[in-house]
Protein chains: 2
Amino acid sequence: MTSQCYKYLVVTNLVPDVHNPACPTRVVLDRIGDRWTSLVVLNLLDGPLRFTRLRAAIGGVAPKVLTQTLRAMERDGLLHRTVHAEVPPRVDYELTALGRSLSTPIQAITDWAEAHVTDVEAARAEYDAAREDR
Amino acid sequence: MTSQCYKYLVVTNLVPDVHNPACPTRVVLDRIGDRWTSLVVLNLLDGPLRFTRLRAAIGGVAPKVLTQTLRAMERDGLLHRTVHAEVPPRVDYELTALGRSLSTPIQAITDWAEAHVTDVEAARAEYDAAREDR
DNA sequence: CAGTATCCCATCAGATACTG
DNA sequence: CAGTATCTGATGGGATACTG
């Protein structure tokens with residue numbers, strides 16, 4: 001149920017800490033592994049955006065889902081949500097320093113992906129071809 | 001439906017490539033964002049393991065799920081699966097060079113998590129406390 | 001404009017039992 | 001030993017319509 005905690009694995013090669021409910025790396029993977037969080041981070045790096053602009057910048061995200069994503073990120077301290085007392089309403093989303101710092105691991109993933117996606121796709125094609133021969 | 005591709009976002013700030021079905025970063029996030037792949041990578045860094053040993057090393061993963069994970073990783077060229085013609089059967093799982101290289105972005109995530117998990121948890125506590133006051 | 005409210009589905013993941 | 005088969009539930013994500 002609970003998984004090994006990466007911290008102890010990487011640092012000391014210890015046995016699984018089965019009763020650790022909040023493995024740091026698991027927390028982060030659950031967040032940036034979702035569909036939209038990393039795109040939100042990248043799109044807000046240049047400065048704050050309001051809801052509709054952000055949604056258009058990302059593309060293809062339903063308003064409900066974007067709201068969920070932004071609320072979760074706000075809760076985690078990754079961004080600030082600022083409601084301006086205007087009509088029509090204006091809400092700005094801006095990364096915190098913590099949120100901006102998340103671009104480092106995201107960039108590491110993007111870099112790896114760019115460098116190796118052709119290898120992955122070749123491997124998939126080969127694997128699938130081998131299975132088709134039967 | 002299809003999301004913006006990270007490549008064009010990061011490199012050129014272009015508009016969403018809505019019809020790109022295989023955004024490299026999306027492919028990678030879908031893989032390492034799952035529950036077990038990154039733990040498999042970390043546990044195989046020191047050398048090959050057979051199924052049951054790997055399962056014990058990771059801890060808490062059902063055999064069906066581990067098999068799914070390993071098959072997907074094999075298909076992506078991240079590891080080799082070697083069946084020895086013995087009784088009882090012996091199957092070794094060993095990372096490829098590609099699989100080992102994946103430890104770089106995984107490590108970037110782990111590092112970020114270790115460095116900032118207290119910030120995230122503090123933000124969560126604050127957020128939840130603020131909501132409870134009503 | 002910035003969301004909510006509903007409904008819905010696919011997928012992931014786990015539990016459990018069984019097998020070549 | 002190294003899986004497969006089956007069932008099940010949780011959750012993430014999406015479509016659509018509506019509202020303060």
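This structure is a prediction, so every number in the text was calculated from the model and none was measured. Letters A, B, ... are given to chains in the order of the sequence lines, protein chains preceding strands, and every chain is numbered from 1.
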- Task: Let me know the distance between CG of B/L49 and C1' of D/dG3, rounded to the nearest Å.
- Result: 17 Å

- Task: Would you indicate what B/V91 reaches in the nucleic acid, counting non-hydrogen atoms under 4.0 angstrom: base, sugar-phosphate, or nothing?
- Result: sugar-phosphate

- Message: Using OP1 and OP2 only, check whether a side-chain N or O of B/R81 sits under 4.0 Å from D/dG3.
- Response: yes

- Nucleotide of D/dA2, C/dA2, D/dG13 approaching A/R90 most closely (side-chain heavy atoms): C/dA2

- Item | Upstream residue (5' side of DNA chain D) when A/V65 and B/L70 are each assigned their closest nucleotide | B/L70

- For C/dC1, does OP1 or OP2 lie under 4.0 Å from any side-chain N or O of A/T52? no

- Measuring from B/T52:OG1 to B/L66:CG, what's the distance to the nearest 0.5 Å? 9.5 Å

- Message: Using whole Å, what does the distance between atom P of nucleotide C/dG3 and atom CD1 of A/I58 come to?
- Response: 13 Å

- Task: Rounded to the nearest angstrom, tell me the gap between atom CZ in A/R53 and atom C1' in C/dC1.
- Result: 13 Å

- Message: Could you check whether any side-chain heavy atom of A/L29 comes within less than 4.5 Å of a side-chain heavy atom of B/S38, counting everything from C-beta outward?
- Response: yes

- Can you tell me the distance, in whole Å, between the CZ atom of A/R55 and the P atom of C/dC1? 12 Å

- Task: Return the value, rounded to whole Å, for the distance between atom NE2 of A/H84 and atom P of D/dG20.
- Result: 23 Å

- Among D/dC1, C/dA2, C/dG3, the nucleotide that comes nearest once only the side chain of A/P89 is considered: C/dA2

- Message: Counting only side-chain nitrogens and oxygens, does B/R50 get under 4.0 Å of the OP1 or OP2 atom of D/dC1?
- Response: no

- Whole-Å distance between D/dG12 P and A/D34 CG? 9 Å

- B/L66 atom CG is separated from C/dA15 atom C1', nearest whole Å, by 15 Å

- Query: Of A/K64 and B/D92, whose nearest nucleotide on DNA chain D comes first from the 5' end?
  - Reply: B/D92

- Task: Please determine, by modelled atom types, if B/W112 and A/T104 share a side-chain donor-acceptor pair under 3.5 angstrom.
- Result: no

- Partner of C/dG20 under the Watson-Crick or G-U wobble criteria, both distances under 3.5 Å, comes out as D/dC1

- Message: Can you tell whether the side chains of B/D128 and A/R75 come within less than 4.0 Å, N to carboxylate O?
- Response: yes

- Starting from C1' on C/dA2, measure out to CG on A/L54 and report it in whole angstrom. 12 Å

- Given D/dT4, is OP1 or OP2 found less than 4.0 Å from the side-chain N or O atoms of B/R71? yes

- Message: When you measure from the side-chain N and O atoms of B/Y93 to the phosphate of D/dC1, is any distance below 4.0 Å, counting only OP1 and OP2?
- Response: no

- Message: Ignoring hydrogens, what is the shortest heavy-atom contact between A/G33 and B/R26? Give both atom names and the distance.
- Response: O-NH2, 3.7 Å

